[in-house]
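One structure is given below, encoded as structure tokens.
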Amino acid sequence: MALALAGRLLMVLLLAGTGVAAPPPPQVSPSEATVDSITAIYNFGDSISDTGNLLREGDTGMLRYTTGLPYGVTIGRPTGRCSDGFLMIDFLAEDLGLPLLNPYLDRRADFTHGVNFAVAGATTLSTTALANRGLTVSHTNSSLGVQLRWFKEFMSSTTNSPREIDKKLASSLVMLGEIGGNDYNYVFLQPRRTNDRHDPISNATRSAESLAHALSLVPEVVQSVADAAKEVLDMGATRMVIPGNFPIGCMPSYLTAATASSPASLRDGDGCLVSFNVLARAHNERLRRAVGELRRSPDATVAYADYFAAYLEILRHAPRLGFEGGAALRRACCGAGGGEYNFDHNRLCGAPGTTVCADPSRRPSWNGIHLTQHGYRVMTELLYRRGLACPAAVKLPRQKPCLPVS
């Protein structure tokens with residue numbers, strides 16, 4: 001079955017979560033006429049939206065490659081972002097006429113118009129909670145609970161009263177995630193180690209048990225996201241976006257892990273691994289219900305951002321969206337090994353022996369785990385202007401109505 005080689009995912013999956021030489025989003029100063037009255041963004045999450053916190057925490061192991069070139073190659077410098085350039089959170093800030101969000105751990109930064117608390121490798125559950133489940137977290141302790149504490153400390157230190165916090169949040173957008181994928185990834189990262197490498201899981205029974213273990217985490221992970229969202233809403237947030245998980249069974253890293261033994265029947269019509277997408281769908285369906293509960297707050301708009309559907313749009317309409325079609329659609333731009341996916345779990349993007357494709361803007365996948373700048377740009381367009389983040393938490397020019405739930 002598709003999970004038979006899940007162990008090949010290794011620690012690299014903990015990172016998850018663009019025209020060539022495309023100009024970066026400008027570091028603009030907000031005008032008096034801000035877009036939809038949003039004057040600040042507060043972001044929580046993992047590597048899908050980290051703009052430099054892990055870099056400042058001090059990276060370890062395989063994560064060290066994300067803090068130097070070729071990461072950032074499209075914008076001419078590494079920034080701690082897990083891509084060749086900018087991320088969805090950057091393009092959203094640009095759309096709102098705000099400066100790019102500085103990472104919270106950059107103590108010299110200007111946080112007038114928001115803060116980014118996301119950390120690559122972060123989990124939703126605390127390291128203690130995961131340890132109680134037999135899961136070891138080795139890269140960062142900055143879970144969602146830690147990020148929420150940072151947020152509260154920041155608000156307390158920059159305001160004089162709860163009423164002032166309420167007022168500040170009334171003109172802010174809160175992005176709560178994407179986060180949760182790493183909690184599940186750790187389940188698949190517990191196999192034996194030999195010679196400082198993870199052995200692949202070749203036992204089908206054990207692989208099935210890993211999937212069952214990951215699925216058992218879903219209620220607790222989603223509840224943690226919902227609890228954090230409620231705390232921020234209770235502090236005065238009026239506009240919030242809570243993203244779901246990507247279709248992980250469509251990512252080159254997962255596809256590589258299952259290539260050796262997966263019969264075609266275990267793939268869906270998009271060429272994605274059904275078993276891994278079962279986990280992503282379970283998380284998303286439960287999260288969507290939790291978001292529905294949060295919408296009972298009469299004073300707030302809480303949007304669900306459908307990352308799953310947005311990424312499938314890229315796969316299904318690649319040429320129209322500026323990507324190569326065919327086999328290149330599932331091939332990492334930066335990696336090693338060539339082959340169908342250009343992903344080698346022992347030689348991640350940036351490691352000796354890895355190479356970068358000539359035009360990152362033509363690939364959705366940057367390193368087999370994260371997207372290219374162009375991939376993130378298209379995701380942002382699909383979510384916030386083409387109706388895949390609903391109900392709309394902010395009103396943007398040329399914004400289409402919400403699409404029916406798939």
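Computed over heavy atoms, backbone and side chain alike; hydrogens, waters and symmetry mates excluded. Small disclaimer: the values here were computed from a predicted structure and weren't measured.
Applying the side chain to side chain contact (heavy atoms under 4.5 Å, CB included) rule to A310 yields the partners M379, L382, L383, L388; only residues at least two apart in sequence or on another chain are considered. Looking at residues two or more places apart in sequence or on another chain, you find a side chain to side chain contact (heavy atoms under 4.5 Å, CB included) between A109 and N102, D106, F111. With sequence neighbours excluded, no residue satisfies side chain to side chain donor-acceptor pair (under 3.5 Å) with R289. In this structure, the side chain to side chain contact (heavy atoms under 4.5 Å, CB included) partners of R296, at least two apart in sequence or on a different chain, are E293. Evaluation of the side chain to side chain donor-acceptor pair (under 3.5 Å) rule for S297 yields no partner, not counting sequence neighbours. A search for side chain to side chain donor-acceptor pair (under 3.5 Å) contacts involving R331 returns nothing, not counting sequence neighbours. With sequence neighbours left out, N116 forms a side chain to side chain donor-acceptor pair (under 3.5 Å) with N43, T51. Evaluation of the side chain to side chain contact (heavy atoms under 4.5 Å, CB included) rule for T159 yields E164, I165, K168 as partners, not counting sequence neighbours.
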Donor-acceptor pairs under 3.5 angstrom involving side-chain atoms of residues 230-239: please list them, not counting sequence neighbours.
unit_1: K230; atom_1: NZ; unit_2: D234; atom_2: OD2; d: 3.0
unit_1: E231; atom_1: OE1; unit_2: K152; atom_2: NZ; d: 2.2
unit_1: T238; atom_1: OG1; unit_2: A170; atom_2: O; d: 3.3
unit_1: R239; atom_1: NH1; unit_2: D36; atom_2: O; d: 3.0
unit_1: R239; atom_1: NH1; unit_2: D36; atom_2: OD2; d: 2.9
unit_1: R239; atom_1: NH2; unit_2: D36; atom_2: O; d: 3.2

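A side-chain N or O of D227 and one of Q223 form a donor-acceptor pair less than 3.5 Å apart. Of the N and O atoms on the side chains of R81 and S83, not one donor lies less than 3.5 Å from an acceptor on the other residue.
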Checking side-chain contact (heavy atoms from CB on, under 4.5 Å) for the pair L144/L176: CA distance, chi angles, key distance, verdict?
-> CA-CA 9 Å; L144 179 57; L176 212 156; 4.1 Å; yes

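Judged as a ring pair (Phe, Tyr, Trp, His ring centres under 6.0 Å), the pairs with a partner in residues 36-58 (not counting sequence neighbours) are, in order, Y42-F151, F44-F117, F44-F151. Within the structure, salt bridge (charged side-chain N to carboxylate O under 4.0 Å, His left out) pairs that include any residue of residues 316-329 comprise D270-R316, E324-R363 (at least two apart or interchain). Every pair passing disulfide (SG to SG under 2.5 Å) that includes a residue from residues 357-389 is listed here, sequence neighbours excluded: C333-C357.
The cationic atom of R347 (NZ for Lys, CZ for Arg) does not lie both less than 6.0 Å from the six-membered ring centre of F343 and within 45° of the ring axis.
Using a 4.0 Å cut-off between charged nitrogen and carboxylate oxygen, E381 and R386 count as a salt-bridge pair.
Looking only at side-chain heavy atoms (C-beta outward), E178 and D46 come within less than 4.5 Å of each other.
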